[in-house]
S.K.: 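Before I ask anything, here is the structure I am working with.
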Amino acid sequence: MRGSAGFLLCLLLLLAPHCTEVAAQDVQPDPKTPCANWMGGAPGYPGHNGLPGRDGKDGKDGAKGEKGEEGPQGHKGDQGEIGAPGREGPRGFPGYPGQKGEKGEGAFVYRSAFSVGLKERAPHPNVPIRFSKIFYNEQSHYDASTGKFLCSIPGTYYFAYHLTVYLTDVKVSLYKKDKAVIFTYDQFQTNNVDQASGSVLLHLSSGDEVWLQVYGEGDNNGVYADNINDSTFMGFLLYPDLEVH
């Protein structure tokens, strides 16, 4: 028995250095080795976390990527505030004429006019000269029986007369409402035929009368007319009063 025990002790002594060398090479012994169960030490505690390493250098920019696909259209935004007016642009060319409009209702036109002549020598002084040769009297505002023009439309009128003078002198006057307004005098020259004329603008009211007559006493009624010499009297409305128009 002693011989057997000694042999086993010697064998263990020989294997001990070999197991120590294997344990030094590996942190954890291989469980398949003969000395793993009785020669391995207890596991150690985990170590503390190490300090974070320093940031590395920035990398270089990569190559530009390809253009992406167009995204879907967004919702319409709210209307913005009205901006300040811009500068006036250049003037354009004239446009084409438009179509002719429909005929409108014509405004009422006031008419009053006459033109008359003498058929024979003038009557005696201080009475209206009756011009009975009618050239124009469409509105019948001149009365040939009295030789007077009667105003029917208040307004401004133009009157004129052109008289042939023969045999004696002529002094005539244009009257308005029994009052002489203008005078014309022509001195007859023997063996000659003269002309006497006058004109005036008058404002007339409705009912006013205008006429021509030989003025004053004496031999001043040389107003004359025949088939080749005329003595005429005329008048017409220039424009009516505003309240009438």
Side-chain angles (χ1 to χ4, degrees), residues 67 69-119 128-164 172-177 179-184 195-212 223 225 227-245:
K67 185 178 180 180
E69 296 181 359
E70 184 178 356
Q73 184 177 0
H75 298 290
K76 184 178 180 180
D78 297 332
Q79 184 175 0
E81 297 180 357
I82 298 177
R87 293 183 178 181
E88 183 177 356
R91 187 171 183 178
F93 295 102
Y96 295 103
Q99 296 180 351
K100 185 177 181 179
E102 297 180 358
K103 185 176 181 180
E105 298 181 359
F108 181 78
V109 179
Y110 294 90
R111 294 184 175 90
S112 179
F114 73 96
S115 179
V116 294
L118 193 65
K119 287 185 177 180
I129 301 175
R130 290 184 295 178
F131 295 86
S132 55
K133 183 188 291 186
I134 306 300
F135 300 113
Y136 180 88
N137 191 29
E138 185 175 336
Q139 295 81 32
S140 299
H141 293 167
Y142 173 80
D143 187 354
S145 64
T146 63
K148 294 182 178 181
F149 169 79
L150 177 64
C151 176
S152 299
I153 304 172
T156 301
Y157 287 78
Y158 174 79
F159 294 96
Y161 52 88
H162 302 276
L163 307 175
T164 298
V172 296
S173 180
L174 187 138
Y175 279 77
K176 169 190 172 183
K177 296 175 58 176
K179 183 178 180 180
V181 178
I182 61 172
F183 300 90
T184 299
Q195 295 288 328
S197 62
S199 61
V200 67
L201 282 174
L202 294 177
H203 179 269
L204 301 182
S205 300
S206 181
D208 288 348
E209 292 179 322
V210 176
W211 68 91
L212 196 69
V223 179
N227 59 343
I228 59 173
N229 294 282
D230 283 307
S231 292
T232 61
F233 180 37
M234 62 168 292
F236 57 87
L237 174 68
L238 284 178
Y239 49 86
D241 290 343
L242 293 177
E243 56 267 19
V244 175
H245 185 68

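If you read the sequence from its start, that first residue is 1, and numbering goes on from there. Predicted model, so just to flag it, every value in this text is computed and none were measured.
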S.K.: Without placing hydrogens or testing angles, list every side-chain donor-acceptor pair under 3.5 Å for residues 72-95, not counting sequence neighbours.
M.R.:
none

S.K.: May I have the step-by-step check of side-chain contact (heavy atoms from CB on, under 4.5 Å) for Tyr142 and Phe131, ending in yes or no?
M.R.: CA-CA 10 Å; Tyr142 173 80; Phe131 295 86; 3.5 Å; yes
S.K.: Thr232: which residues meet the side-chain contact (heavy atoms from CB on, under 4.5 Å) condition with it, sequence neighbours left out?
M.R.: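 Result, side-chain contact (heavy atoms from CB on, under 4.5 Å) vs Thr232: Phe135, His162, Asp230.
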S.K.: Can you list everything that forms a side-chain contact (heavy atoms from CB on, under 4.5 Å) with Ser145? Sequence neighbours excluded, please.
M.R.: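 Partners of Ser145 by the side-chain contact (heavy atoms from CB on, under 4.5 Å) criterion, ordered by chain and then number, come out as Asp143.
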S.K.: Sort and list the pairs that fulfil salt bridge (Lys or Arg N to Asp or Glu O under 4.0 Å) and have at least one residue in residues 150-161, not counting sequence neighbours.
M.R.: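 Checked against salt bridge (Lys or Arg N to Asp or Glu O under 4.0 Å) - neighbours excluded - no pair reaches residues 150-161.
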S.K.: So do Trp211 and Thr146 actually touch side chain to side chain, heavy atoms under 4.5 Å?
M.R.: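 Side-chain contact under 4.5 Å: no.
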S.K.: Mind listing the closest non-hydrogen atom pair of Ser231 and Val223 along with its distance?
M.R.: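 Closest pair (atom of Ser231, atom of Val223, distance): OG-CG1, 3.8 Å.
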S.K.: Restricting to non-hydrogen atoms, name the atom on Ser206 and the atom on Ser152 that form the minimum distance, rounded to 0.1 Å.
M.R.: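 Closest pair (atom of Ser206, atom of Ser152, distance): OG-O, 4.1 Å.
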S.K.: Taking all atoms of both residues into account, what is the closest heavy-atom pair of Ala144 and Ile134, and its distance?
M.R.: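 Looks like CB-CD1, 4.2 Å.
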S.K.: Taking the side chain as everything from C-beta on, heavy atoms only, tell me whether Lys133 gets closer than 4.5 Å to Leu118.
M.R.: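 No; the side chains remain at least 4.5 Å from each other.
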S.K.: Where is the tightest heavy-atom contact between Tyr175 and Ser173, given as atom of each residue plus distance?
M.R.: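 Reported closest heavy-atom pair: CD1-O, 3.6 Å.
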S.K.: Just to verify, what does Tyr161 make a side chain to side chain donor-acceptor pair (under 3.5 Å) with, not counting sequence neighbours?
M.R.: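 So Tyr161 forms a side chain to side chain donor-acceptor pair (under 3.5 Å) with Thr184.
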S.K.: I'd like to check the ring pair (Phe, Tyr, Trp, His ring centres under 6.0 Å) partners of Phe159; sequence neighbours left out, ordered by chain and number.
M.R.: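 Result, ring pair (Phe, Tyr, Trp, His ring centres under 6.0 Å) vs Phe159: Phe149.
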S.K.: I need the Ile129 CD1 to Leu212 CG distance, nearest 0.5 Å.
M.R.: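 Rounded to the nearest 0.5 Å, the CD1-CG separation comes out at 4.5 Å.
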S.K.: So which atom in Cys151 and which in Tyr157 form the shortest heavy-atom distance, rounded to 0.1 Å?
M.R.: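 Heavy-atom minimum between the residues: SG-OH, 3.7 Å.
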S.K.: Among all residues two or more places apart in sequence or in another chain, which pass the side chain to side chain donor-acceptor pair (under 3.5 Å) test with Ser112?
M.R.: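 Expected list: His141.
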S.K.: Among residues at least two apart in sequence or on other chains, which ones pass side-chain contact (heavy atoms from CB on, under 4.5 Å) with Leu150?
M.R.: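 Glu209.
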S.K.: Taking side chain to side chain donor-acceptor pair (under 3.5 Å) as the test, write out the residues that go with Asn137, two or more places apart.
M.R.: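 Partners of Asn137 under the side chain to side chain donor-acceptor pair (under 3.5 Å) test: none.
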S.K.: Just by modelled atom types, is the His203 backbone N or O under 3.5 Å from a matching donor or acceptor in the Lys176 side chain?
M.R.: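 It does hold such a pair.
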S.K.: Would you name the heavy atoms of Leu202 and Leu174 that are closest together and state the gap between them?
M.R.: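 Where Leu202 meets Leu174 most closely, the heavy atoms are CD1-CD2, 3.9 Å.
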S.K.: Just jot down the side-chain contact (heavy atoms from CB on, under 4.5 Å) partners of Phe236, sequence neighbours excluded, or say none.
M.R.: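 Per chain and number, Phe236 pairs via side-chain contact (heavy atoms from CB on, under 4.5 Å) with Ala113, Tyr158, Met234, Leu238.
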S.K.: Could I get the full list of side chain to side chain donor-acceptor pair (under 3.5 Å) partners for Tyr136, not counting sequence neighbours?
M.R.: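 Per chain and number, Tyr136 pairs via side chain to side chain donor-acceptor pair (under 3.5 Å) with Glu138, Gln139.
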